[in-house]
Structures are given as C-alpha cells and as structure tokens.
There are 2 protein chains.
Amino acid sequence: MENSQKALVLLRQIIRSTDMQDKEISRGTGVTPPQLMVMQTLREHTQLTSGELAKEMVLTQATITSILDRLEKKELVARERGKEDKRKVWVSLTDKGTELMKGAPTTQQDIFVRSFEDMQNWEQSMVVSSLERIAFMLNAQHLDAAPLLDIGELDRNQQEYAKK
Amino acid sequence: MENSQKALVLLRQIIRSTDMQDKEISRGTGVTPPQLMVMQTLREHTQLTSGELAKEMVLTQATITSILDRLEKKELVARERGKEDKRKVWVSLTDKGTELMKGAPTTQQDIFVRSFEDMQNWEQSMVVSSLERIAFMLNAQHLDAAPLLDIGELDRNQQEYAKK
DNA sequence: TCAATATATTTTGAATAGCTAACTAATTTA
DNA sequence: TAAATTAGTTAGCTATTCAAAATATATTGA
C-alpha cells in the first residue's frame, strides 16, 4: 500500500479513537461531547465572550448560546454581562465546572502522556515533528479549499494557537 | 513545552482541521457529516448489513436506521433484504451515491496525498510510523478504559483493519 | 445630537443525530 | 415445537446545528 494511503487510514483510526474516548468521557460525566469541548476551550482561555467561543469552535453563535444554556443550567459555566461593553457576555467555568474538568477528562490524557513518555527522546521528537507535518498539510489544505474567510480571522486563530 | 503536550495540541489541531474539512464537504454536497461517514464506510466495504455498519461506526442500530432513511430518500444508498437470512438488510451505494463520492470528498484527500508525496521517502516513512505509534497508544488507551467488550468483537474489528 | 449603521447575543423554527425501550419478524436452540 | 436469540425498525425524547429574525448596546456621520 502507498505510504499516503497508510497515513490516511491511520489518521482515520486516530480520529475514531479520540471520538470514542470523547463518548466515554461523555458517559462518565453526564456532559455531551460538544459541551465538553466548550468546557475544554474555557479551561484554556479562562474567560471568553460567547462570540469568541463560537469562532474558536467554528460554530454559529446561536449554537453556542444553546450549549451554554444547558451548561449554565447544570451550573458548570457562568455568564456575566460585560461591564464596559454591555453587549458582550463573558463566559467562564464555575468552581463546579473546574472541578469536573479535573476528573475523567484529564486522566484520559494522562494515560496518553504516560505512554508517550515511555518512548525514547529521539522518538518523541520524531513523532512531534511528524504531527507538525501532518497538521501543516491539513491546514494548508483547508486554506486552499476555503480562500473565502477574511484574513483577520485566520490571523487571529493563528495567534490563539501561538499562545500555547 | 513538554513533547507530550506538544503532541496533544497538534492532535487537537489535526482533528479540528479534518472536522472543518468534513463540514466543507458537507456544505458542498448537501450530505451531512454523519451521512458522509456512512457513505465512506460503504465505499470501503461495498456491502454491509446495517448492523455491521453500526458496529463499524460505533453507533446504535437505531441511529444507523435513521441516517439510512435519509440517505435512501436522497437515493444515495439502497437497502436490500437478505435472500438467505431475511432478517438481514444489505446496504450499498447507488450509482448516484458512488458518483457523489467520486467528487469533492476524494479531491480533498487528493490534495493531502499530493502534499504527502512531495515529502522525501524517508520522511514519509517517519510520518507513517509516528502515526502508527499514536494510533497504537490511543487504541491501547481505549482498551484500558473499556475492558468490557467481548473479544469476538475486537477480533472482528482488527480483522477489518487488517484487510486494508 | 440623533438617526443610521454596526456589533453582540438571544430567540425562533426546522432538520438532523443520537439514545433507550418497545416492537416485528426471522432464525436458532433446547 | 416452544423459548430464546438475532436483525432491524419504530416511537419518543434530548441535544446539536443552522439560518433568519429580534433585541439591546455602541459607534459614527451629518
């Protein structure tokens, strides 16, 4: 089989695995995968407006609104109207939400991290730079396929990634 | 940053990219991502029962049934009662469905394949074996977390993978 | 200043996806 | 052949997702 075909099959397998993991976490926590992703995004940024959240997750604001409604009802996130600009709504994890994120979701990652750290250092570097290649190719591909987005938006996203 | 953290960030980025690609294809074809995934699975196996489809995609039969209903209405897949075992329902792509799968979905992959083939051969091998490491780690992780499945099922899945 | 425009979010209405539980029909087994 | 199993569908529910319209606040130009 061609190397490129092998890569595609493996990528699909990887995505499938993470997908199944998400479902497991979901079952364990009573939080749906999209809700979980919102919470993960909030954990990384500590505070975001719902508009920023929508852009980050590539969903419409309306969708974010409904997910936030449910998370708020469960008291996992809190909304607060902006003080200076009252149109904005700042969203953040509640203590309860932060607590939940300390549990199952990270233990899954921990297992991965432990396996990863069992590798030799040279192998770790190899894997990381391979993932960089893949990520770059896929990203370029997306830029090719959708040259419609405004540059500002793309720029902003890249800055988000650069932060980490 | 730790190598393992880098790997996690890159993985998320990769998944996000493919996710966005799926949405683009979806918009381009009028077929939703889950529907598309069913069609991709069918393209690989040419013919499956809806139960096999459910197992392959890790969804309940009920969910598959409703997705198939919509794909059938669009005349992209066809259902046929089994001749020997009349409980079974064999599902396959129609000509129209096959035609659709020749378009956008593969051109996206083609772009990836072209970039991939631009790499030196040693680098291609490196990327493939890195993906294998990741896939293996994620898979083991899943087995750890869900030791409940029956062995036959796992075995069957592995054979499916082995086929390709 | 204040009317038009822009920005941020929510509401509404509709399609889809996903689940569990209950059901029909066909096959296997005891 | 009666009971159990297997394959799929149906029904009912919640959640996700979008587009379009509504609401509220900010900014800007005459």
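Every heavy atom of this structure was used, including side-chain atoms; hydrogens, water molecules and symmetry mates were not. So that the names make sense, note that chain A is the first sequence line, chain B the second, and so on, each numbered from 1.
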Integer-rounded Å distance: C:dA8 P and A:L48 CG
14 Å

Under 4.0 Å: is that the gap between some side-chain N or O of A:R79 and OP1 or OP2 of C:dT10?
yes

Does A:Q5, at its CD atom, have more than 12 non-hydrogen atoms belonging to other residues, nucleotides or ligands within less than 6.0 Å?
yes

Counterpart residues, side-chain contact (heavy atoms from CB on, under 4.5 Å), relative to A:T63 (two or more places apart)
A:L59, A:T60, A:I67

Answer yes or no: are there more than 12 heavy-atom neighbours, outside B:D95 itself, under 6.0 Å from its atom CG?
no

For atom CD of A:E117, is the number of surrounding heavy atoms from other residues, nucleotides or ligands below 6.0 Å larger than 12?
yes

Take atom CD of A:Q35 and atom P of C:dA17, then tell me their distance rounded to the nearest Å.
19 Å

For B:K74 and A:R27, find the nucleotide of DNA chain C closest to each by heavy atoms; which residue's nucleotide sits nearer the 5' end?
B:K74

Is there a side-chain contact between A:S50 and the phosphate of C:dT9, meaning an N or O under 4.0 Å from OP1 or OP2?
yes

When you group the ILVMFWY residues by side-chain heavy-atom contacts below 4.5 Å and let the links chain together, are B:W90 and B:M39 in the same group?
no

A:E80 CD to C:dT9 C1', straight-line distance once rounded to whole Å
16 Å

Would you kindly give the CG-to-P distance between B:L68 and C:dT16, to the nearest whole Å?
14 Å

Rounded distance in Å - CG (A:D69) to P (C:dT11):
7 Å

To the nearest angstrom, how far is A:R70 atom CZ from C:dT11 atom C1'?
14 Å

Hey, is the main chain of B:V89 close enough, under 3.5 Å, to the side chain of B:T49 for a donor-acceptor pair?
no

Listing, residues 71-78 of chain A side-chain donor-acceptor contacts under 3.5 Å, not counting sequence neighbours, or none:
unit_1 : atom_1 : unit_2 : atom_2 : d
A:E72  : OE1    : A:R79  : NE     : 3.2
A:E72  : OE1    : A:R79  : NH2    : 3.2
A:K74  : NZ     : A:G30  : O      : 3.4
A:K74  : NZ     : A:Q35  : OE1    : 2.6

With sugar-phosphate meaning primed atoms plus P, OP1 and OP2, does A:I64 contact a base, only sugar-phosphate, or nothing at under 4.0 Å between heavy atoms?
nothing

For atom NZ of A:K88 and atom P of C:dT10, their distance in whole Å
14 Å

Just the rounded figure in Å: distance from C1' of C:dG18 to CE of B:M37.
13 Å

A:T49 vs C:dT9: side-chain N/O to OP1/OP2 distance below 4.0 Å:
yes

With 3.5 Å as the limit, what N/O pairs link the protein to nucleotides 27-30 of chain C?
unit_1 : atom_1 : unit_2 : atom_2 : d
C:dT27 : OP1    : B:E84  : O      : 3.1
C:dT27 : OP1    : B:K86  : N      : 3.2

Contact boundaries of DNA chain D with chain B (under 4.0 Å, heavy atoms), 5' to 3'?
D:dT6 to D:dT10

Mind checking salt bridge (Lys or Arg N to Asp or Glu O under 4.0 Å) for A:R70 and listing every partner two or more places apart, or none if nothing turns up?
none

Just to verify, what does B:D85 make a salt bridge (Lys or Arg N to Asp or Glu O under 4.0 Å) with, not counting sequence neighbours?
B:R87

Taking the nucleotide of DNA chain D with the closest heavy atom to each, which residue, B:K23 or A:K73, is nearer the 5' end?
A:K73

